[in-house]
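Side chains are part of it too, since the values below use all heavy atoms of this structure and drop only hydrogens, waters and symmetry mates. Just so we're on the same page: letters track the sequence lines, and every chain starts at 1.
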There are 2 protein chains.
Amino acid sequence: MSAERRLEGEAGSAQERLRDHLSARNLRLTPERLLVLEGVLTREGHFDAEELLEHLRRSNKSVSRATVYRTLDHLAEAGLVKKHHFQEGHALFEHVHGRDHHDHMVCDRCGRVIEFVNDKIEALQEEVCREHDFRELRHVHQIFGICSACQAVEKRAPNASPHHSGHA
Amino acid sequence: MSAERRLEGEAGSAQERLRDHLSARNLRLTPERLLVLEGVLTREGHFDAEELLEHLRRSNKSVSRATVYRTLDHLAEAGLVKKHHFQEGHALFEHVHGRDHHDHMVCDRCGRVIEFVNDKIEALQEEVCREHDFRELRHVHQIFGICSACQAVEKRAPNASPHHSGHA
DNA sequence: GTGTGTGCAAAACCTTTGCAAAATA
DNA sequence: TATTTTGCAAAGGTTTTGCACACAC
C-alpha cells in the first residue's frame, strides 16, 4: 500500500471517527472542522496550534484561530490527536489516529522528541494503579535530558547545539 | 523526634542549602527569600504560587507576587521544591527537601494528588535511556484518572464528587 | 425556526519583566 | 560604591470567550 493510499485510508476513517464523535454530541461535521482535521493529518510529528493555523492559511484553507483551538479540542476528545505540554504554556499536538501508544523523551537542548514504548513499564503502571485502587484514564510519561546528537556536539564544542529544525 | 523539632531541623538545613545555592551564584539570602522558604516549608502537599502568596500575607510576612515567583524558581533550582504542571497553565509546587523521589497520580474529579514510587519503573526508565543513548536529567510521570474515593461516590451517586479540599 | 458554528477582537489566565527605589556586600 | 533585590504595575504569550452574523437540521 502506498503512503498516499494509506493517508487517504487513514483520513477516511479519521473523518468517520470525528463524525461519530460529533454526532454523538449533537455537533456538526462542518467544512472548517474538516479542514482542521485534514491539516492535522498532514502534519508530521509534533506541532503547535499556531503552526497549524499558518499552514492552513498558506494552503488557502484558512479558518479562524478560535476554530483551530476549538477543533483541536474536539479532535483530542475524539482520540484523534494528543495534546502535550512538554514546556509550560505552550501545547504541542500530534495525531495519534491508528498509531500505537507511546511515551516521549524530549531533548532540553534541541527540542527533539523521541518516542518510546516499554510494555513492562505499562504493566507496572497498571499494577501501581491496582495497588491504590486508582482507575487510570491516561498518563503522561516524559523523560527530559540530552539526546545522543547533542551529547556528541557537547563533547566537541562544549557550548554549541545541533539546532533541531522544528518540533519533530 | 517531634514533628516540631523535625521541621526546625529541616528548615535549618534547607536554609543552608539555599544559602549555598545562592552564594555559589553571588546572590543574596535576603529576608524576603527566607520568608518564602519558610512559607514553602510549612505548606503541606501541593500548592500554587497564589496560595503561598496569600498565606504569607495572612501571616504578616508579605512579599510581592514577583518575589514569590522569583524565589520559587531559585528554590526549584536549588532542589528544594519541585514544580509540577498537572494541568496546563497552572503550576503547583511541593517541597522535596529531604524527601525521596516519587511520581504522582492525580484524580480528575477531586484533584487529589497521590504519590507513588516504583523502583522497577525507575530502572526500566534508565534502560530505555541507555537504549537511545539519551542522558536523562529529569522525568515527569503522572497518572491521571479517578481515585478510590471518587469511584465510590460515583457508584452511589453517578454525578457527584467528594470535593477535595485544596490540592493535597 | 431553533440550535450550532464561525470569525473577530477583546478578555482571561498565570507568569514574567522593566524600572526606580531600597538594600546589601 | 557597585551590585543585587524589591515592589509595583505593565507587558507577555497562549488560549478562551462574548457576541453578532451565518449556517444547518
Using the benzene-type ring in the case of Trp, are the ring centres of A:Phe116 and A:His104 under 6.0 Å apart?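 When the ring centroids of A:Phe116 and A:His104 are compared, they turn out to be at least 6.0 Å apart.
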
Please state how far atom [atom1] in [X] lies from atom [atom2] in [N], giving the value in whole angstrom units.
X: A:Leu35; N: C:dT6; atom1: CG; atom2: P; result: 10 Å
X: A:Asn26; N: D:dA24; atom1: CG; atom2: P; result: 17 Å
X: A:Leu72; N: D:dT14; atom1: CG; atom2: C1'; result: 13 Å
X: A:Arg57; N: C:dC8; atom1: CZ; atom2: C1'; result: 11 Å
X: A:Gln87; N: D:dT14; atom1: CD; atom2: C1'; result: 12 Å

Is the backbone N or O of [Y] less than 3.5 Å from a side-chain atom of [X], with the two atoms forming a donor-acceptor pair by type?
X: A:Ser23; Y: A:Asn26; answer: no
X: B:Arg112; Y: B:Cys147; answer: no
X: B:Gln151; Y: B:Ile146; answer: yes

Under a 4.0 Å heavy-atom criterion, the protein footprint on nucleotides 12-25 of chain C, written with B, S and -, is --SBBBB----BB-

Checking side-chain polar atoms at under 3.5 Å, does B:His101 have a donor or acceptor matched by the opposite partner on B:Glu122?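 There is such a pair (donor and acceptor under 3.5 Å, judged by atom type) between the side chains of B:His101 and B:Glu122.
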
A:Lys61: which of A:His55, A:Glu38, A:Glu32 passes side chain to side chain donor-acceptor pair (under 3.5 Å):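 Testing A:Lys61 for a side chain to side chain donor-acceptor pair (under 3.5 Å) against A:His55, A:Glu38, A:Glu32 leaves exactly one candidate, A:Glu38.
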
Select from B:Ser64 and B:Arg25 the residue whose nearest nucleotide in DNA chain D is closer to the 5' end of that strand.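 The 5'-side residue here is B:Arg25.
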
